[in-house]
Amino acid sequence: MTEATPQQPNIETLVREFFAAIEDRDPRRLHATLAEHATFRALPHSSPIRPANDIVAYFGTVVSSYPAAHWEVSDVIASGDRAAVQFVVREFSTRLGRDLLSEQVCIFRVAQGRIVNIVGYYDSAEFRRVFWEES
């Protein structure tokens, strides 16, 4: 794992802060985790979203679409400038009387204390079924 310096958090702290900012719906905190030239892809072969302002806007749309959802990090595996983050998107369905869940993974790359690249991996058909069709 990359060691933290007084000016730069270690990679695990940084990626956990990224998800905490999403959970708290705090665009300023989210932006603070990203390099200005950062890129995000929701799935490996999807078009990249860049720069940081556009990534923050994208996640603003996501959290607005799921206002009761929670993003919970369940594991971080970090080495050097990269981290794999396993997380759960959870939203309670009053109609079904239970949580809707989607387990996902993101791969992060960091440089100079900021996130420069994120690639998401999730089962989009499963997500659509659980969050759009069941709810």
| Could you give the distance from CG (N53) to CD1 (I55), rounded to the nearest 0.5 Å? | 9.5 Å
| message | Using only atom types and a distance under 3.5 Å, with no angle test, would you say the side chain of S93 pairs donor to acceptor with the backbone of D99? | response | no
| query | Got a second to check how far R114's CZ is from H37's NE2, nearest 0.5 Å? | reply | 11.0 Å
| request: Taking atom types as modelled, find out whether E23 and H70 have a side-chain donor-acceptor pair closer than 3.5 angstrom. | output: yes
| Which residues share a salt bridge (Lys or Arg N to Asp or Glu O under 4.0 Å) with R16, sequence neighbours left out | E12
| query | Can you check whether F40's main-chain N or O pairs, donor with acceptor, with R50's side chain at less than 3.5 Å? | reply | no
| message | If the condition is side chain to side chain donor-acceptor pair (under 3.5 Å), which residues does R28 pass it with, not counting sequence neighbours? | response | none
| Taking all non-hydrogen atoms of both residues, which atom of V56 and which atom of P27 are closest, and how far apart? | CG1-CB, 3.7 Å
| request: Apply side chain to side chain donor-acceptor pair (under 3.5 Å) to R29 and list each qualifying residue two or more places apart in sequence or on a separate chain. | output: E17, D24
| Quick check: does any side chain N or O of R25 sit under 3.5 Å from a backbone N or O of P67, one acting as donor and the other as acceptor? | yes
| query | Same cluster or not: are I22 and V116 linked, directly or through other Ile, Leu, Val, Met, Phe, Trp or Tyr residues, by side-chain heavy atoms under 4.5 angstrom apart? | reply | no
| query | What's the spacing between I115 CD1 and R109 CZ if we round to 0.5 Å? | reply | 12.0 Å
| query | Atom CD of E72 and atom CD of E103: how far apart are they, to the nearest 0.5 Å? | reply | 10.5 Å
| query | How far apart are the closest heavy atoms of I107 and V105, and which atoms are they? | reply | CD1-CG1, 4.1 Å
| task | Looking only at non-hydrogen atoms, find the nearest pair between V85 and V15 and report the distance. | result | CG2-CG2, 3.6 Å
| query | Would a 4.5 Å heavy-atom cut-off, applied to side chains only, mark E36 and P51 as touching? | reply | no
| Single-linkage hydrophobic cluster, 4.5 Å side-chain cutoff, F92 and F127 together | no
| request: Can you measure from CG (L34) to CG (N117) and round to the nearest 0.5 angstrom? | output: 11.0 Å
| said: Show the nearest heavy-atom pair for residues E126 and S102, with the distance to one decimal. | reply: OE1-OG, 3.7 Å
| field | Within one Ile-Leu-Val-Met-Phe-Trp-Tyr cluster: V89 and I49, side-chain cutoff 4.5 Å | value | yes
| Okay, side chain of S65, backbone of T61: is any donor-acceptor separation there less than 3.5 Å? | yes
| said: Against F87, only a single residue in F19, Y122, F18, W71 fulfils ring pair (Phe, Tyr, Trp, His ring centres under 6.0 Å); can you say which? | reply: F19
| Got a second to check how far E91's CD is from L100's CG, nearest 0.5 Å? | 6.0 Å
| Validation row: D75, I77 side chains within 4.5 angstrom (heavy atoms) | yes
| task | Of all the heavy-atom pairs spanning V119 and P44, show the shortest one and how long it is. | result | CG1-CA, 3.7 Å
| field | Distance-minimising heavy-atom pair for P9 and G113 | value | CD-O, 4.2 Å
| Does V88 belong to the same Ile/Leu/Val/Met/Phe/Trp/Tyr cluster as F131, with side-chain heavy atoms less than 4.5 Å apart forming each link? | no
| request: Identify whether Y58 and L43 are in the same connected component of the hydrophobic contact network (ILVMFWY, side-chain heavy atoms under 4.5 Å). | output: yes
